[in-house]
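Worksheet: one structure, shown below.
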Protein chains: 2
Amino acid sequence: MNNVTQLSPVKIRSHHAFQTQHKKTNSNDSLLHRGDFLYRMGDKLKGIYVVNAGAIKLFRITETGDEHITAFLMPGDIVGLDALEDGYSRSTAVALDTTCVSLTTIENVLKGGGGISSAELIQRMGSTLNRDNDLIMILSQRTAERRLAWFLVDFSDRLAARGISPAEFTLPMSRTDLAVFLGLALETVCRELARFRESGLIDINRRRFYLLDIEGLRQTSSGCDEIAPKTVTCGVKRAAAGGYA
Amino acid sequence: MNNVTQLSPVKIRSHHAFQTQHKKTNSNDSLLHRGDFLYRMGDKLKGIYVVNAGAIKLFRITETGDEHITAFLMPGDIVGLDALEDGYSRSTAVALDTTCVSLTTIENVLKGGGGISSAELIQRMGSTLNRDNDLIMILSQRTAERRLAWFLVDFSDRLAARGISPAEFTLPMSRTDLAVFLGLALETVCRELARFRESGLIDINRRRFYLLDIEGLRQTSSGCDEIAPKTVTCGVKRAAAGGYA
DNA sequence: CGCGTTTTTGATCTAACTCAAGCTTTGTGG
DNA sequence: CCACAAAGCTTGAGTTAGATCAAAAACGCG
């Protein structure tokens, strides 16, 4: 296939024309279809985008050629934060669905009067950092069960925050995407979902999900699942800075 | 031991008085000793801090009582970003060493004239987000070898960026901290370090590290290690948004 | 209606975890 | 100053969760 160091043309679904460009509805808004790129690793971004509708997948390609997904964004989320360090994006943003985004340039943010103020951007970035830290915590303890439960609960919470039914939804991404995002094998995702279904926590039909017991999922995701914690070690384990200089 | 939901008093090393408070050298600067907290989960922060000297460990306690370290900060780094969402910190910051920090309030950031401008803060946060994404990528592929190599190379690079010898340094944190940060078992960290030493990549004496072959470590961390990639799959594996709505 | 993609399920293998024990360094008190 | 305690580090043996390999079933599309 393509070589590793190559950033650009990545094979894309046959029935969609390959395009980084996208339809402009007005100066600041863009409409993307499934598979369209909003921007790619290395692109110089014009500013930050707010997702108005649809869904965006953010990912990077590693030196070994593996894709890794860093976030799934939904309406209200901001895209393009990864370019704020130096103007050049570190990741690729692709639409998972028909998606509408609107642009605000950094100049407008700093100047004020644009769509987003400095204070607001700082707050939103703080929120993104906190979410990333949540993800880091989930990824660093390696049980598939907790990762998946966390994902479902998190997705559900985000829907709820947007006034959308949190117990019944259609995921915009494939099982493979889910696996990549959670750092699991595709098969593990399927198996674990099957187990959730067997335990009556959820019901699934392809990408349609029904969360039957959100609290149960939340318990599972926090690890305070079931009865009696396996090893009584439910206390703070270590806290101070140990060691010597 | 202590209960989970309890935020506060966590046992601390015997010979240091327990204190969240810290010596004030002037209105904006604080001096902390090893084990002192700069702030804790849930505290309302007065602003953001720049580390002038020393080292800070940032961590959270999960519902299950496990500590998880989200970052190690060194001079020049900003602490307190986790409170920018709503003013309350999501994590605990503790000094690993004698550490000096200086405070800039958010009001001063937004108003300008303080130590840090809005534009600068936004850029620094962008940089932090990118670093977090690097960590996310490392954590989601579960080989201990790569995680550890990445850590060493990253630490070395950060030292180099500060004009400090990148090939010879003393880590401020324990093996346990390293393990927690990288999502590995303590024993795995030791073993993997031993393997690095045997391969001649590094030399170690307690917390004193000598990177003998930084490029080798970088290779290991990127996974493009050794000769011929195991499965020829060095191309872009998947790229487009798959599936159906 | 057949083909390609996605999802599911099964069997085996392995990297990392857990438990366990010994060793080293640092700090404490007689 | 030396012995002892405590914390940190290292190494060994056995177990296990999840990866990998393999194949089949479900669904969508032309």
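Chain naming here is simple, since letters A, B, ... match the order of the sequence lines and numbering starts at 1 in each.
- When each of I78(B), T99(B), L38(B) is tested with V51(B) by the rule side-chain contact (heavy atoms from CB on, under 4.5 Å), just one qualifies, namely T99(B).
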Q) Passes side-chain contact (heavy atoms from CB on, under 4.5 Å), D36(A) versus V94(A)? Steps please. A) CA-CA 6 Å; D36(A) 289 350; V94(A) 67; 5.9 Å; no

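- The separation between D177(A) atom CG and dT6(C) atom P is 10 Å, rounded to whole Å.
- Contact check on D203(A) versus R197(A) returns no salt bridge, with no Lys/Arg side-chain nitrogen under 4.0 Å from an Asp/Glu carboxylate oxygen.
- Side-chain proximity of A194(A) to dT11(D), dT7(C), dT9(C): nearest is dT9(C).
- The closest side-chain heavy-atom distance from E67(A) to D177(A) is below 4.5 Å.
- Donor-acceptor pairing under 3.5 Å, judged by distance alone, is absent between the side chain of E187(B) and the base of dC17(C).
- At the heavy-atom level, L193(A) lies nowhere under 4.0 Å from the strands shown.
- When the C1' atom of dT18(C) is taken as reference, atom CG of L184(B) falls 14 Å away, rounded to whole Å.
- For R191(A), no side-chain nitrogen or oxygen approaches OP1 or OP2 of dA17(D) to under 4.0 Å.
- Rounded to whole Å, the distance from CG on N205(B) to C1' on dT10(D) is 13 Å.
- The CD atom of Q141(B) sits 17 Å away from the C1' atom of dT20(D) (whole-angstrom rounding).
- A144(A) comes within 4.0 angstrom of sugar-phosphate atoms only, judged by non-hydrogen atoms across all strands, and of no base.
- Salt bridge absent: R60(A) and D82(A) never bring a charged side-chain N and a carboxylate O closer than 4.0 Å.
- Look at CZ on R207(B): it is 18 Å from P on dT24(C), rounded to the nearest Å.
- Of the side-chain N and O atoms in R175(A), one or more sit less than 4.0 angstrom from OP1 or OP2 of dT8(C).
- For R206(A), the side-chain atoms get nearest to dT6(C) when compared with the rest of dT25(C), dT6(C), dA16(C).
- The distance between atom CG of L171(A) and atom P of dT6(C), rounded to the nearest whole Å, is 15 Å.
- dT6(C) atom P lies 13 Å from atom CG of L96(A), rounded to whole Å.
- Atom CZ of R195(B) is separated from atom P of dT10(D) by 16 Å (rounded to the nearest Å).
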